[in-house]
Amino acid sequence: MPRDLKIPAERHPEKARRPDNPQPKKPAWIRVKAPVGEGYKATASIMREHRLVTVCEEAGCPNVGECWSQGHATMMIMGEVCTRACTFCNIATGKPPEALDVFEPGRVADAVQKLGLKHVVITSVDRDDVEDGGAEHFAQTIRAIRKRAPDTTIEILTPDFIRCAPEALEVVVAARPDVFNHNLETVPGLYPEVRPGARYFHSLRLLQRVKELDPSMFTKSGIMVGLGEDRQAVMQVMEDMRAADIDFLTIGQYLQPTPKHHAVDRFVTPEEFAGYEKAAYGKGFLMVSATPLTRSSYHAGDDFARLRAARLQRLGQA
């Protein structure tokens with residue numbers, strides 16, 4: 001009998017026996033409006049028509065109402081079941097029930113064209129069951145969008161390809177996305193608890209290698225705060241990212257999806273986020289988004305335009 005991914009215990013079987021963590025009441029600066037409106041419905045309709053999965057829904061993003069109302073959505077390829085079991089994430093975990101869908105890149109490209117997107121973000125679950133981690137699938141999706149919507153800029157948010165040969169990353173970079181994003185998610189000291197299937201320095205090296213393969217490609221990474229880190233650890237992550245020549249940093253508040261997920265340690269104030277943004281610009285990032293509701297793909301299109309302008313300004317061409 002197939003799993004019902006709407007039931008939390010079936011969505012996260014590895015978390016079912018964990019004790020519940022209290023979910024503290026969100027402060028006023030975190031609350032968002034429920035998704036409504038014609039724009040939201042139109043975006044939802046296109047996603048359903050093309051049988052596409054979005055990280056907006058699967059991860060329970062707080063910004064889904066705002067983004068979908070404007071026709072923006074982050075598409076999640078390679079299925080809806082992830083082979084990792086990060087303690088912060090609401091995407092279903094386990095053994096994916098199906099092979100990669102060879103028709104998915106075309107469906108994604110069709111949706112991008114119908115939505116009239118100027119900028120699209122493509123992410124995925126981790127597929128450790130696939131030899132190349134889905135690298136060729138990413139490349140095919142990028143190529144399909146380029147063919148169907150040549151004026152759309154493409155941002156990808158990839159897995160870490162930790163169990164793959166080095167050539168996997170080369171395949172993705174060779175497809176020439178405009179932005180290569182891979183999130184570090186948290187500070188290294190919290191990896192064993194928060195991101196047990198990943199390795200901090202592997203993820204950092206992945207981003208560094210993107211720049212070595214194509215110095216003109218924008219790189220981006222993000223972390224959540226409120227997981228139990230301290231300011232000094234966040235500052236060190238910024239230093240590590242700049243040493244890897246990462247262009248764009250995002251920092252957002254961790255929000256606990258269910259009582260079985262990693263507990264919220266605290267709600268970081270908007271003033272602290274403003275301090276992180278100022279410090280990050282001081283360390284040389286081209287672009288920084290640091291607010292409680294910042295997510296990797298939030299305002300990605302506008303941010304890409306600002307990112308490109310910042311590089312030109314730095315090069316003295318603006």
Q: With sequence neighbours excluded, what pairs up with K283 under the salt bridge (charged side-chain N to carboxylate O under 4.0 Å, His left out) test?
A: E239
Q: Sequence neighbours excluded and cut-off under 3.5 Å, please list the side-chain donor-acceptor pairs for residues 222-236, or say none.
A:
from: E229; atom 1: OE1; to: G226; atom 2: N; distance (Å): 3.2
from: E229; atom 1: OE1; to: L227; atom 2: N; distance (Å): 3.0
from: E229; atom 1: OE2; to: G226; atom 2: N; distance (Å): 2.8
from: D230; atom 1: OD1; to: Q232; atom 2: N; distance (Å): 3.3
from: D230; atom 1: OD1; to: A233; atom 2: N; distance (Å): 2.9
from: Q236; atom 1: NE2; to: D240; atom 2: OD1; distance (Å): 3.0

Q: Restricting to salt bridge (charged side-chain N to carboxylate O under 4.0 Å, His left out), what partner residues turn up for K211, sequence neighbours left out?
A: D247
Q: Could you work out, with side-chain contact (heavy atoms from CB on, under 4.5 Å) as the rule, every residue matching P196, not counting sequence neighbours?
A: none
Q: Heavy atoms only: give me the nearest F285-R314 pair and the separation to one decimal.
A: O-NH2, 3.7 Å
Q: Any idea which heavy atoms bring S216 and R176 closest together, and the distance?
A: OG-NH2, 3.7 Å
Q: Does the pair T294 and T250 meet the rule for a side-chain hydrogen bond (donor to acceptor under 3.5 Å, both in side chains), with working shown?
A: CA-CA 7 Å; T294 289; T250 61; over 6 Å; no
Q: Yes or no on side-chain hydrogen bond (donor to acceptor under 3.5 Å, both in side chains) for R195 and S203, after CA distance, side-chain angles and deciding distance?
A: CA-CA 11 Å; R195 211 174 166 223; S203 287; 3.2 Å; yes
Q: Please check if atom CZ in R209 has more than 12 non-hydrogen atoms from other residues, nucleotides or ligands closer than 6.0 Å.
A: yes
Q: Of all heavy-atom pairs between K220 and N181, which one has the smallest distance, and what is that distance?
A: O-OD1, 2.8 Å
Q: Does E272 have any side-chain contact (heavy atoms from CB on, under 4.5 Å) partners at least two apart in sequence or in another chain, and if so, which?
A: R266, V268, T269
Q: Just checking H119 against F304, ring centres under 6.0 Å apart?
A: yes
Q: Run the salt bridge (charged side-chain N to carboxylate O under 4.0 Å, His left out) test against E212 and tell me which residues pass, sequence neighbours left out.
A: R205
Q: What residues, two or more places apart in sequence or in another chain, satisfy salt bridge (charged side-chain N to carboxylate O under 4.0 Å, His left out) together with E277?
A: none
Q: Where do Q253 and F267 come nearest, in terms of heavy atoms and distance?
A: OE1-CA, 3.4 Å
Q: Taking ring-ring contact (aromatic ring centres under 6.0 Å, His included) as the test, write out the residues that go with Y200, two or more places apart.
A: Y191
Q: Excluding sequence neighbours, so at least two apart, what forms side-chain contact (heavy atoms from CB on, under 4.5 Å) with E98?
A: P96, R127
Q: List the atom of I142, the atom of A175, and the distance in Å for their closest heavy-atom pair.
A: CG2-O, 3.3 Å
Q: Decide if atom CD of E193 counts as having more than 12 heavy atoms of other residues, nucleotides or ligands within a radius under 6.0 Å.
A: yes
Q: In chain order, what residues pass the ring-ring contact (aromatic ring centres under 6.0 Å, His included) check against F138, with sequence neighbours excluded?
A: none
Q: With sequence neighbours left out, write down each residue that passes ring-ring contact (aromatic ring centres under 6.0 Å, His included) with H137, or none if nothing qualifies.
A: none
Q: Is it the case that more than 12 heavy atoms not belonging to K15 sit under 6.0 Å from its NZ atom?
A: yes
Q: Is it true that R107 and D101 have a side-chain N and a carboxylate O under 4.0 angstrom from each other?
A: yes
Q: Determine whether F248 and M241 make a side-chain contact, defined as any pair of heavy atoms from C-beta on separated by less than 4.5 Å.
A: no
Q: Taking only residues two or more places apart in sequence, or in another chain, which ones meet D20 in a side-chain contact (heavy atoms from CB on, under 4.5 Å)?
A: P259, K260
